[in-house]
Amino acid sequence: MLLSLLVYSLTGASLFYLGWHVNKREQQLLLNGGKHLPFYSWEIVLSLLLFACVAGARYHTGYDHAMYLEQYQHLLKTGEFSRTNFEYGFEWISQFFALIKAHYFFYFAFWALLQIGFLYYGLRYHKHLLCWVGLGIMCGTYFLGWMNSMRQGVVVCLFVAILPLINNKKFLPYAAIVIASAFIHKSALLLLPVFLLAFLNIENWKLNRWWMLAIFAIFVLLGAKPFWLDWFTNYQWFLNITGYENYGNINDPNVGGTFRTMSWGPGRLSIFFSNVFMIWFYPELKTHFKDDKLLPLCFVLAYVGMCLSNLVMNTSHFILRPLDYFVLFYLIMAAYLMVYFIKTKKIALAIVFFMLFYTHFIISVYKAVFIPKDVTLPFLYHFFFAPNF
C-alpha cells in the first residue's frame, strides 16, 4: 500500500513541478518578446522519460499487463504472438523489440512514452495546463486506464495531438492519421465522424449551465437502469470493427439484460461532482480563456463523455471502452479549472475540486488493499524486479 501511494504521489508531484517550471520559463520568455519554448524543452523531456520509466518498471499494474507480458515473452521465445488478432502496427513494433531482445521494461516504457508524448505534444502551446495534467495522470484515474488499455491508450492520447486539425478543418491529414493509428488499435476508426465537430462552430456556442446540467442529469437517470439496451440485438459488428471482439459478445449476460450495478461509492461520486464542477464553471472558463481555441472543443468532447459514460455505466466494460476517447478530456478540463481558480484567487473552490479530482488514487489504493477484488488489485504498483514487495 505504502509503495503504491509513494509511486503515484511522488511521480505526480514530479510531473507537476516539471510542468510548472517549463510554463514559468516560457512565460518569462514571452514577456521579454521571445517565442514559445520548444516541445523538446528539458522539463518536458524529463517528464516523458520519468513517466515512461515508472510505466515500464511496473509489474501486473493494469488489468491487461499480465496478458501483454505473456504475449511479449512468447514473442521473444518463438518469434510470434500466441494471439492472432493484434493489429499489424502493434505487431510490427512488438516484433522489432523482440528482434533486438529488449527487456520488457523497455517494451512497456516505449508504449507509455508514446502515450504521454502525444498528450504533451497536443498541449505544447498550453504549458500552463501541464502541471495539473501531469498530476492528474498519476493521481486521478488515468494511469491505470492507460496501463490497462495500452494500445488504445496510445491512440486516445494521439487524439489530443490532432485536435488542431479539427479546428482548422483539415480533414485529409486528420483522416490519414486516424486510419494509420487504426494499425495500433482499430477503435481509432471511431474518431473519423468526430471531425464533423469542425463544422458546428463550437467556439460561438452560448451554452447555458442549467440546460447542460439538466441534460446531464437525464443521462444519469437513464443509465441507472439501461432498459433501452434490450432494443439492440446485434453488437458483434461493433466489436469486430473496433477491436473489442475479445471483450464481449452478444451472449454476454451484461449485454443480454442482466446488467451490473455500479455503486455510488466515493470513487464514482468524486468523478460525478468533478463533472458538475466542469459544467457549472464552463461559462466562466470560456470568458477567462476567451482567446483559447482548444477549450471549447475540449469541453464539448468532455461533456459527451460525461453524458455517455453515465448512460452506459451499468452495462459492461467493453461498452465503456470506446468512451475513453472522450473521458480523457476530463483531465484537460480539470487543468483548466485549477488554473482558473488559482488565477482568480478562488482558493476554497480550488481546494474542493482538488480533493475531488486529484485524490482518486488514494481511494483506489485503499480499495485494493482493504477490499481486494480482481477489479481493484491491479491498481497496486509493483516493480518488476521486486514483484512481491
Side-chain angles (χ1 to χ4, degrees), residues 1-15 17-18 40 42-83 86-121 134-135 137-158 183-185 361 364-365 368 377-389:
M1 178 176 180
L2 181 59
L3 174 64
S4 298
L5 292 174
L6 286 174
V7 169
Y8 292 127
S9 59
L10 293 179
T11 307
S14 299
L15 293 176
Y17 173 75
L18 291 168
Y40 51 82
W42 69 265
E43 297 95 337
I44 293 180
V45 172
L46 187 56
S47 296
L48 305 191
L49 292 177
L50 172 63
F51 180 79
C53 287
V54 171
R58 77 190 191 277
Y59 186 81
H60 289 192
T61 299
Y63 308 113
D64 285 351
H65 182 266
M67 181 274 290
Y68 281 119
L69 178 58
E70 179 185 354
Q71 290 293 330
Y72 183 65
Q73 290 176 328
H74 189 273
L75 182 63
L76 282 170
K77 293 177 181 178
T78 67
E80 59 184 22
F81 287 109
S82 59
R83 173 176 158 181
F86 282 125
E87 292 82 356
Y88 291 126
F90 176 75
E91 288 188 352
W92 294 334
I93 294 172
S94 300
Q95 287 166 352
F96 170 77
F97 275 89
L99 181 66
I100 63 174
K101 304 296 182 182
H103 189 276
Y104 60 80
F105 165 82
F106 298 101
Y107 178 67
F108 288 115
F110 169 78
W111 294 109
L113 184 67
L114 288 184
Q115 291 171 341
I116 193 170
F118 285 138
L119 177 60
Y120 271 42
Y121 184 78
L135 183 67
I137 291 170
M138 297 305 303
C139 298
T141 61
Y142 293 92
F143 182 77
L144 182 64
W146 293 0
M147 298 305 100
N148 174 38
S149 55
M150 189 173 74
R151 290 172 294 140
Q152 184 178 341
V154 171
V155 184
V156 167
C157 294
L158 175 62
F183 284 90
I184 301 299
H185 199 275
F361 76 107
S364 297
V365 170
L377 285 172
F379 197 86
L380 293 177
Y381 189 91
H382 305 281
F383 287 110
F384 73 88
F385 49 82
N388 296 319
F389 180 73

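Keep in mind that what you see is a predicted model, and the values were worked out from it rather than measured. All heavy atoms count here, side chains included; hydrogens, waters and symmetry mates do not.
- Around atom OH of Tyr63, more than 12 heavy atoms belonging to other residues, nucleotides or ligands sit under 6.0 Å away.
- With values rounded to the nearest 0.5 angstrom, Leu50 atom CG is found 8.0 Å from Ile116 atom CD1.
- Exactly one of Phe90, Phe106, Phe97 qualifies for a ring pair (Phe, Tyr, Trp, His ring centres under 6.0 Å) with Trp111. That residue is Phe90.
- Nearest heavy-atom pair across Leu15 and Met138 is CD1-CG, 3.9 Å.
- The closest donor-acceptor contact from the side chain of Gln115 to the backbone of Met150 lies under 3.5 Å.
- Note: Phe361 and Tyr381 fail the aromatic proximity criterion, with ring centroids not under 6.0 Å apart.
- Proximity of Glu87 to Ile184: side-chain heavy atoms (C-beta onward) are nowhere separated by under 4.5 Å.
- Residues His60 and Pro378 have side chains not in contact (no heavy-atom distance under 4.5 Å, counting atoms from C-beta outward).
- Remark: Phe86 CZ to His185 NE2 distance equals 9.5 Å, nearest 0.5 Å.
- Contact detail for Ala55 and Phe108: the closest heavy-atom pair is O-CB, 4.3 Å.
- Smallest separation of non-hydrogen atoms from Lys101 and Leu76: NZ-O, 3.7 Å.
- Once rounded to the nearest 0.5 Å, the distance linking CZ of Arg151 with CG of Asp64 reads 8.5 Å.
- Ring pair Phe379/Tyr8 is tilted by interplanar angle, where 30° to 60° counts as tilted.
- Ser82 and His74 get closest at one heavy-atom pair: N-ND1, 3.5 Å.
- Gln71 has its side chain out of reach of Tyr68: every pair of non-hydrogen atoms, C-beta onward, lies at least 4.5 Å apart.
- Distance check, rounded to the nearest 0.5 Å: CG of Leu75 to CZ of Arg83 gives 13.5 Å.
- Looking only at side-chain heavy atoms (C-beta outward), Trp146 and Val154 stay at 4.5 Å or farther from each other.
- Shortest non-hydrogen contact noted between Ala13 and Leu135 is N-CD1, 4.1 Å.
- Aromatic pair Phe384/Tyr104: ring centres closer than 6.0 Å.
- At a cut-off of 3.5 Å, with distance as the only test, a side-chain donor of Ser94 or Tyr107 sits close to an acceptor on the other residue.
- Rounding to the nearest 0.5 angstrom, the gap separating the CG atom in Leu144 from the CD1 atom in Ile137 is 13.5 Å.
- Closest of all the heavy-atom pairs between Ala52 and Leu113 is CB-CB, 4.0 Å.
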Quiz item: Does the pair Thr11 and Phe143 meet the rule for a side-chain contact (heavy atoms from CB on, under 4.5 Å), with working shown?
Solution: CA-CA 11 Å; Thr11 307; Phe143 182 77; over 6 Å; no
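- Taking 4.5 Å as the limit, some side-chain heavy atom of Phe118 sits within range of a side-chain heavy atom of Leu114.
- Expressed to the nearest 0.5 Å, how far CD of Gln95 lies from CZ of Phe81 amounts to 6.5 Å.
- Within a 6.0 Å sphere centred on OH of Tyr121, other residues, nucleotides and ligands contribute 12 heavy atoms or fewer.
- Looking at Leu380 and Thr61, their side chains never come closer than 4.5 Å, going by heavy atoms from C-beta outward.
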